[in-house]
Amino acid sequence: QLQLVESGGGLVQPGGTLRLSCAASEPLSENSGVGWFRQAPGKGREGVSCMRRSGTTYYADSVKGRFTISRDDPKNAWYLQMTSLKPEDTAVYYCSAGMCSSDIFPYADNFWGQGTQVTVST
């Protein structure tokens, strides 16, 4: 079974930068998309960004222009570069592999990592 492990979370000041990484235990299926989601305390899981195998990317309006998703298929890895971080970006961030749609929906059938905490605070 495919396993995903996130890394790169932590505490950062507002306006700061973090880069999240997701490492997969094996190569993804041929048409697999990759994505990032987040869940803040008391809220549901929110789509942040995803990328199709074709390279098409989608971003939530709240992160457009600040976050960038990328993937390195030979390394079975993908990333989320986060800049100009805001306190409202504080959440547990999850990486995912599987379906990627324009609404960045958290499909239950996707593979999911365990999450990494991102805290934006002074």
Side-chain angles (χ1 to χ4, degrees):
Q1 172 116 356
L2 180 68
Q3 295 184 340
L4 308 180
V5 179
E6 302 95 340
S7 61
L11 173 65
V12 64
Q13 292 187 342
T17 297
L18 277 178
R19 186 190 193 216
L20 303 183
S21 299
C22 184
S25 60
E26 59 189 68
L28 302 182
S29 62
E30 184 175 347
N31 295 317
S32 180
V34 297
W36 290 94
F37 297 77
R38 65 188 181 186
Q39 188 163 11
K43 295 187 177 181
R45 191 164 294 190
E46 173 191 22
V48 175
S49 179
C50 70
M51 175 185 279
R52 294 186 174 181
R53 177 70 75 164
S54 64
T56 299
T57 58
Y58 303 104
Y59 293 94
D61 288 343
S62 59
V63 307
K64 281 180 181 177
R66 300 188 299 122
F67 291 10
T68 303
I69 190 172
S70 61
R71 63 192 290 173
D72 188 339
D73 291 325
K75 293 184 177 179
N76 302 330
W78 53 103
Y79 311 95
L80 186 69
Q81 181 74 31
M82 305 187 294
T83 64
S84 302
L85 282 160
K86 305 175 181 180
E88 51 264 44
D89 294 318
T90 296
V92 178
Y93 283 71
Y94 299 89
C95 65
S96 174
M99 288 285 293
C100 167
S101 55
S102 59
D103 60 353
I104 322 176
F105 187 80
Y107 293 97
D109 288 344
N110 279 12
F111 293 95
W112 294 91
Q114 293 300 306
T116 184
Q117 177 70 46
V118 171
T119 302
V120 185
S121 175
T122 55

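On a predicted model such as this, the values are computed, not experimentally measured, just so you know.
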To the nearest 0.5 Å, what is the distance between CH2 (W78) and CG (L28)?
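It comes to 5.0 Å.
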Nearest-0.5 Å distance that lies between atom CD in Q81 and atom CG in L20
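The distance works out to 9.0 Å.
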Which atom pairs, donor and acceptor, lie under 3.5 Å between side-chain atoms of residues 112-119 and protein residues at least two apart or in another chain?
{"unit_1": "W112", "atom_1": "NE1", "unit_2": "Y107", "atom_2": "O", "d": "3.2"}
{"unit_1": "W112", "atom_1": "NE1", "unit_2": "N110", "atom_2": "O", "d": "3.4"}
{"unit_1": "T116", "atom_1": "OG1", "unit_2": "G9", "atom_2": "N", "d": "3.3"}
{"unit_1": "Q117", "atom_1": "NE2", "unit_2": "A91", "atom_2": "O", "d": "3.4"}
{"unit_1": "Q117", "atom_1": "NE2", "unit_2": "T119", "atom_2": "OG1", "d": "3.3"}

Partners meeting side-chain hydrogen bond (donor to acceptor under 3.5 Å, both in side chains) with R71 (sequence neighbours left out)
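Result, side-chain hydrogen bond (donor to acceptor under 3.5 Å, both in side chains) vs R71: D73.
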In chain order, what residues pass the side-chain hydrogen bond (donor to acceptor under 3.5 Å, both in side chains) check against S54, with sequence neighbours excluded?
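Residues passing side-chain hydrogen bond (donor to acceptor under 3.5 Å, both in side chains) with S54: T56.
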Short side-chain to backbone donor-acceptor contact, R53 and S29, under 3.5 Å:
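Here the side-chain-to-backbone pair exists.
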Spell out, as yes or no, whether a donor-acceptor pair under 3.5 Å connects the side chain of Y94 to the backbone of E6.
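Answer holds: no.
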For K43, enumerate each residue passing the salt bridge (Lys or Arg N to Asp or Glu O under 4.0 Å) test, keeping only those at least two apart in sequence or located in another chain.
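Salt bridge (Lys or Arg N to Asp or Glu O under 4.0 Å) list for K43, sorted by chain: empty.
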Kindly write out the residues that satisfy salt bridge (Lys or Arg N to Asp or Glu O under 4.0 Å) with R66, not counting sequence neighbours, or none if the list is empty.
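In terms of salt bridge (Lys or Arg N to Asp or Glu O under 4.0 Å), with neighbours along the sequence ignored, R66 is linked to D89.
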Does any pair with a residue in residues 19-36 pass salt bridge (charged side-chain N to carboxylate O under 4.0 Å, His left out), and if so which ones, sequence neighbours excluded?
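Residue pairs with at least one partner in residues 19-36: there are none.
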Quick one: closest heavy-atom pair of L85 and V12, and the distance?
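That would be CD1-CG1, 3.6 Å.
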Common cluster, M82/Y58, ILVMFWY with side-chain heavy-atom separation under 4.5 Å:
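Hydrophobic grouping puts M82 apart from Y58.
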